[in-house]
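Taking it in order: structure first as structure tokens, then the write-up.
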Amino acid sequence: TRLVSDWSSDVCSSDLAFSIWPVHGFRVIHLNIAELSLTQTFGELAASATRLGMQSCWSIPIISSSQQPLGLLLVLSPRAGEATAQEKMLLEAGSRTAAIAIEHRYLTDLLAFQAGHDSLTRLPNRSSFEARLQDAIAHAGEHSEQLALFYVDLDRFKEVNDTFGHCGGDALLRQAAARLRRCIRHTDMLARIGGDEFSLLLTGLRDTSEANRLAEVILHAFQSPFTISGWPVHVTSSIGISFYPGDGLDAPTLQRNSDTAMYRVKNTGKNSFRCYAGDGQPGAELVASSERVQ
């Protein structure tokens, strides 16, 4: 959307001002307003355009290849009167060109989003998260900061899938993702990394107690039941946490250690969290690996 205040910089050799408007907010129709100062169609926009010396307004809908309205192409002219036949032809050509450009941009944005996000929860996927983690580690190293890596696994997820089917499991994952989003800061990154597993990155920590408090918030958020096919279903979470730089200086080490800490929670009752630091469990990584295989 172009602001009226920007139109003066877009005036072409014929002193016409062009603007593309989004589809929502008004009717997408052909307009041929010969006297702009007399219309109430665009409210303040019309008044502002009149102050800029524009006398008439013509428009044409921008229609997609599937015949869906995408927006409205407006042409403002300092000449009072209706559009000529030639100007109408130019409007139609401009509308077709705008539709092609908008659809191309939409497709490009959609493909970029799909490449970096999980289609079910619309959270970043594993590859996006790992790239962000690498950058966060580099930044933390340069500025002597701490960060925390959470590994969150849903308890009893397999039971939900077995009872309600994959549609029920998908519903649970979407609801769990929404609850996790509400727990975190806007600077944190939450991702679904596969199955019922989520990763969470906290940056700029003052001390490890911040991560512990967030883990408690997440556990509390999972105490109320989820709704699957109209039924209340209680599903808790198990959380493992590792810290940079104390538990690892690179992404694979931090991921492995938070994973190990989470599986220690699974082994000792679930519905809790555990920090890898001071785990002191010889063979813990072996236990985690063998459980994953089973």
Side-chain angles (χ1 to χ4, degrees), residues 106-137 147-203 211 213-242 251-252 254-256 258-259 261-263 265-266 270-274 288 291-292:
Y106 173 78
L107 180 60
T108 300
D109 290 347
L110 178 62
L111 292 174
F113 182 86
Q114 290 176 338
H117 290 76
D118 168 51
S119 60
L120 180 64
T121 62
R122 301 184 69 80
L123 291 175
N125 59 20
R126 179 187 289 272
S127 61
S128 290
F129 184 82
E130 290 180 345
R132 172 71 179 275
L133 178 58
Q134 295 278 6
D135 292 342
I137 290 173
L147 59 82
L149 177 62
F150 281 49
Y151 196 102
V152 183
D153 188 89
L154 305 186
D155 302 326
R156 300 183 58 240
F157 179 73
K158 186 177 184 303
E159 295 177 35
V160 173
N161 250 350
D162 292 344
T163 303
F164 296 97
H166 290 297
C167 289
D170 289 350
L172 173 59
L173 289 170
R174 285 192 290 266
Q175 292 178 51
R179 290 194 188 187
L180 288 169
R181 281 195 194 99
R182 291 194 291 268
C183 292
I184 63 177
R185 308 169 300 181
H186 72 277
T187 55
D188 302 329
M189 182 177 187
L190 173 66
R192 181 186 175 207
I193 58 174
D196 61 330
E197 302 162 348
F198 298 85
S199 278
L200 173 61
L201 176 63
L202 281 70
T203 58
R213 286 194 294 271
L214 177 58
E216 294 285 2
V217 169
I218 293 173
L219 292 174
H220 179 74
F222 277 69
Q223 296 310 301
S224 57
F226 295 88
T227 302
I228 310 296
S229 300
W231 293 88
V233 177
H234 290 271
V235 174
T236 55
S237 61
S238 296
I239 305 170
I241 310 172
S242 62
L254 290 172
Q255 289 174 304
R256 182 172 61 250
S258 61
D259 189 24
M262 185 276 297
Y263 272 97
V265 175
K266 290 283 192 184
K270 305 177 182 179
N271 190 27
S272 185
F273 75 92
R274 188 184 187 100
E291 284 195 359
R292 192 187 302 281

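All values derive from a computational prediction rather than experimental measurement.
Just one of Q255, R256, M262 meets the side chain to side chain contact (heavy atoms under 4.5 Å, CB included) condition when paired with Y151; it is M262. The only member of D153, L154, D259 that meets side chain to side chain contact (heavy atoms under 4.5 Å, CB included) when paired with E197 is D153.
Annotation: side chain of P124 is not in contact with side chain of L190 (no heavy-atom distance under 4.5 Å). For the pair R181/L123, a side-chain contact is recorded, criterion being any heavy-atom separation below 4.5 Å from C-beta on. For the pair L201/T203, a side-chain contact is recorded, criterion being any heavy-atom separation below 4.5 Å from C-beta on. Side-chain contact between I239 and L200 is absent, with no heavy-atom pair separated by less than 4.5 Å. Within the 4.5 Å cutoff, side-chain heavy atoms of Q223 are placed close to those of N271. You'll find the side chain of I228 stays beyond 4.5 Å of the side chain of T163, heavy atoms only. Considering only heavy atoms from C-beta on, R156 stays 4.5 Å or farther from T236 through its side chain. The closest side-chain heavy-atom distance from F198 to D118 is not below 4.5 Å.
To the nearest 0.5 angstrom, L254 atom CG is 6.5 Å from L147 atom CG. Atom NE2 of residue H117 and atom CZ of residue F129 lie 13.0 Å apart, to the nearest 0.5 angstrom. To the nearest 0.5 Å, atom CZ of residue R126 and atom OG of residue S199 are 7.0 Å apart. Taken from NE2 in H234 to CZ in F222, the straight-line distance is 14.0 Å, to the nearest 0.5 Å.
Of all non-hydrogen atoms in A251 and I137, the two that sit nearest each other are N-CD1, 3.4 Å. Closest non-hydrogen pair, R274 versus A261, comes out as O-CB, 3.5 Å. Here the closest heavy-atom approach between residue S237 and residue I218 is recorded as OG-CG2, 4.1 Å. Heavy atoms only, all atoms of each residue included: S127 and A115 are closest at OG-O, 4.1 Å. Considering all non-hydrogen atoms of both residues, S224 and A221 come closest at OG-O, 3.8 Å. Nearest approach of I241 to A215, heavy atoms of both residues: CD1-CB, 4.0 Å.
Looking at R192, its side chain does come within 3.5 Å of a backbone N or O of G195 through a donor-acceptor pair.
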Which side-chain N or O atoms in residues 168-178 pair as donor and acceptor under 3.5 Å with protein atoms at least two apart or in another chain?
unit_1: Q175; atom_1: OE1; unit_2: T227; atom_2: N; d: 3.3
unit_1: Q175; atom_1: NE2; unit_2: T227; atom_2: O; d: 2.7

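Here D155 does not pair with K270 in a salt bridge; the nearest charged N to carboxylate O distance is not below 4.0 Å.
Evaluation of the ring-ring contact (aromatic ring centres under 6.0 Å, His included) rule for F273 yields no partner, not counting sequence neighbours.
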